[in-house]
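Since the structure comes first, as structure tokens, the remarks are kept for the end.
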Amino acid sequence: MPGLQDLGGVEIHLEGGNYRISEPLRLPESGGGNVVIHGGTLRASENFPEDRFLIELWTSTDSLLNGSLNGDELAAATKDADFYAASYEYITLRDLMLDANFRGGGILVVNSLRTNIDGCYISHFATFGIMVQGGHETYIRNSFLGQHITAGASPLERNFSGVAISLMGNDNAVTDVVIFSAAVGISVSGQANIITGVHCYNKATGFGGIGIRLLLGGLTQTRILGAYMDYTGIVAEDPVQLDIANGFFLGDANIVLKSSQRKMISGVNIVDNMFTGSGKGVEIVQLEGQFESIDQTVVDRNNVLGMTLKSTVARRTVQDNGSTWTIDFNPVLLFPNLIQHVQYSFYTSDVSFPRHALRNVSENKVVIEADTEVSATVAVQVDQSATFVQGSGIYS
């Protein structure tokens, strides 16, 4: 990029060494690009600063956001043009083991373009395993992150803290990453990010953990594809343009759509996932709070074992002798009192040709009525995904 110094492909090879450091390994404060650091171990000493990271891509002119920002405060902070200015380009960190010794974080990337973090093992972080702020296109691949080293069912799990990966920027990718301990696996508060093939068993939902947390309400623009959510789920605040597909949710892990400042859901697709639970009736998708605007939202084609299916599309067939058929879709439909579209078929073997009509769809109950008593089979399909704007609100 214009204005960034090409550092010539300099290679910092740790040669398999084990280095205990008392200060961050910081790339040139003036910025630059074309650097590789690889092949060794960095460990924080007992006096390592608790608010710093073992490796930092961060110049003195770059502002650092509060990692706990969300909602409108976060949106306002990230609108600053300087937040996306490039200080680094094409930095590669690979084949590293980073031990933060519960003193700080692992890797900090601020205002960097086209950064590669590949094949890293990051442990014992107190704050963040990897923190990305601003910039574009940080690619995190084939890595393992955990605050405590465990293979699951740790006796310390209730006390796991910190965030394994925080994406406070746009156009980043997390691919084939395992997160085995942290309060939050991946926190996303930027746009146009993609998460593929991750395995999160960082902290169980029952202990207050979150596998993937989406914070930029009103402009989510995130794709989560092929994720394995292992006893820990996904929470999305006011999601707009969110895809969750082809995932596996184990141990009552589910998806929570949470109403926040904007109270809206738009352009959400939750499709083609597998959910397996304990038989306690946990819903695969849950609503938290009140939503006042819902449109273009599809929850469908998911399969369930030991959990409760929720969907925006439902089908049911009833057979009875009478003049009124009522089909209650509340056990399946995600949103209360929100049937947008109905299709039905009316089958009868009687010699008569009764007239029939759709009479009511309120409270997610479809009522079909005929003008005479008849033995009939009624097949109904309903859909909640059409546009709904304004109104008295929809509650979980």
Side-chain angles (χ1 to χ4, degrees), residues 243-249 252-257 265-288 291 294-389 391-396:
D243 279 358
I244 302 174
N246 297 113
F248 176 43
F249 293 74
D252 290 328
N254 66 353
I255 299 165
V256 177
L257 305 180
I265 301 175
S266 179
V268 174
N269 300 303
I270 302 172
V271 296
D272 300 323
N273 299 284
M274 300 187 296
F275 294 83
T276 299
S278 61
K280 296 178 181 177
V282 176
E283 297 174 351
I284 65 169
V285 182
Q286 294 180 354
L287 305 178
E288 182 177 324
F291 291 96
I294 298 168
D295 74 293
Q296 302 179 81
T297 296
V298 177
V299 180
D300 194 21
R301 304 196 310 270
N302 301 294
N303 67 71
V304 174
L305 178 64
M307 296 179 71
T308 298
L309 179 69
K310 302 301 285 188
S311 179
T312 59
V313 178
R315 306 160 189 86
R316 190 176 169 193
T317 300
V318 294
Q319 186 175 12
D320 199 5
N321 185 60
S323 58
T324 303
W325 295 261
T326 301
I327 302 99
D328 185 358
F329 286 99
N330 280 297
V332 176
L333 290 180
L334 176 62
F335 301 110
N337 195 25
L338 184 65
I339 290 178
Q340 301 280 18
H341 183 73
V342 178
Q343 286 183 311
Y344 79 92
S345 300
F346 192 96
Y347 306 91
T348 180
S349 58
D350 285 14
V351 251
S352 62
F353 286 87
R355 290 179 294 179
H356 50 85
L358 173 64
R359 286 298 194 187
N360 201 337
V361 296
S362 64
E363 302 298 329
N364 285 347
K365 296 178 181 179
V366 173
V367 179
I368 309 295
E369 187 174 346
D371 64 350
T372 184
E373 286 202 1
V374 63
S375 178
T377 300
V378 179
V380 181
Q381 176 175 307
V382 297
D383 194 336
Q384 297 187 307
S385 60
T387 300
F388 168 78
V389 182
S392 58
I394 294 177
Y395 297 83
S396 59

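Throughout, residue positions are numbered sequentially from 1 according to the sequence presented. Quantities reported herein were computed from a predicted structural model and do not represent experimental measurements.
- Listed for the Asn273 side chain is a donor-acceptor partner under 3.5 Å among the backbone atoms of Gly247.
- Proximity of Leu287 to Pro336: side-chain heavy atoms (C-beta onward) are separated by under 4.5 Å at one or more points.
- In this structure the side chain of Val380 never reaches within 4.5 angstrom of the side chain of Arg316, judged on heavy atoms.
- Across all non-hydrogen atoms, the minimal contact from Ile270 to Asn302 is O-ND2, 3.2 Å.
- Here the CD atom belonging to Glu283 is positioned 8.5 Å from the CG atom belonging to Asn254, to the nearest 0.5 angstrom.
- By the 30° and 60° cut-offs, the orientation of the rings of Phe275 relative to Phe249 is parallel.
- The aromatic rings of Phe346 and Trp325 stand perpendicular to each other, their planes meeting at an angle above 60°, with 30° marking the opposite boundary.
- For the atom pair CD of Gln296 and OG of Ser266, the computed distance is 5.0 Å after rounding to the nearest 0.5 Å.
- Contact record, Ala253 with Met307: O-CE, 3.5 Å, taken as the closest heavy-atom pair.
- Leu333 is listed as a side-chain neighbour of Ile339, based on a closest heavy-atom distance under 4.5 Å.
- The minimum heavy-atom distance linking Ala314 with Val332 is given by the pair CB-CG1, 4.0 Å.
- Nearest heavy-atom pair across Ala376 and Thr348 is CB-CB, 4.3 Å.
- Of all heavy-atom pairs between Leu334 and Leu257, the closest is CD2-CD1, 4.4 Å.
- A heavy-atom distance below 4.5 Å is not found between the side chains of Ile255 and Ile284.
- Heavy-atom minimum distance, Ser385 versus Thr297: CB-O, 3.0 Å.
- Only one option out of Thr317, Val378, Thr377 pairs with Tyr347 in a side-chain contact (heavy atoms from CB on, under 4.5 Å); it is Thr377.
- For the side-chain contact (heavy atoms from CB on, under 4.5 Å) criterion with Phe335, the lone passing option out of Val299, Ile265, Asn364 is Ile265.
- To the nearest 0.5 angstrom, Arg301 atom CZ is 10.0 Å from Ser311 atom OG.
- Not a single donor-acceptor pair under 3.5 Å links the side chain of Asn360 to the backbone N or O of Val367.
- Counting only heavy atoms from C-beta outward, the side chains of Tyr344 and Ile368 approach each other to under 4.5 Å.
- Within 6.0 Å of atom CZ in Arg359, 12 or fewer heavy atoms from other residues, nucleotides or ligands are found, so the atom counts as exposed in its surroundings.
- Residues Asn337 and Ser362 are in side-chain contact: their nearest non-hydrogen atoms beyond the backbone lie under 4.5 Å apart.
- Looking at Ser352 and Asp350, their side chains never bring a donor and an acceptor atom within 3.5 Å of each other.
- Between the side chain of Asp383 and the backbone N or O of His341 there is no donor-acceptor pair closer than 3.5 Å.
- Residues Asn303 and Met274 have side chains in contact (heavy-atom distance under 4.5 Å, counting atoms from C-beta outward).
- Note that the CD atom of Glu363 and the CG atom of Leu338 stand 11.5 Å from one another [nearest 0.5 Å].
- With a 4.5 Å cut-off on side-chain heavy atoms, Asn330 and Lys365 count as touching.
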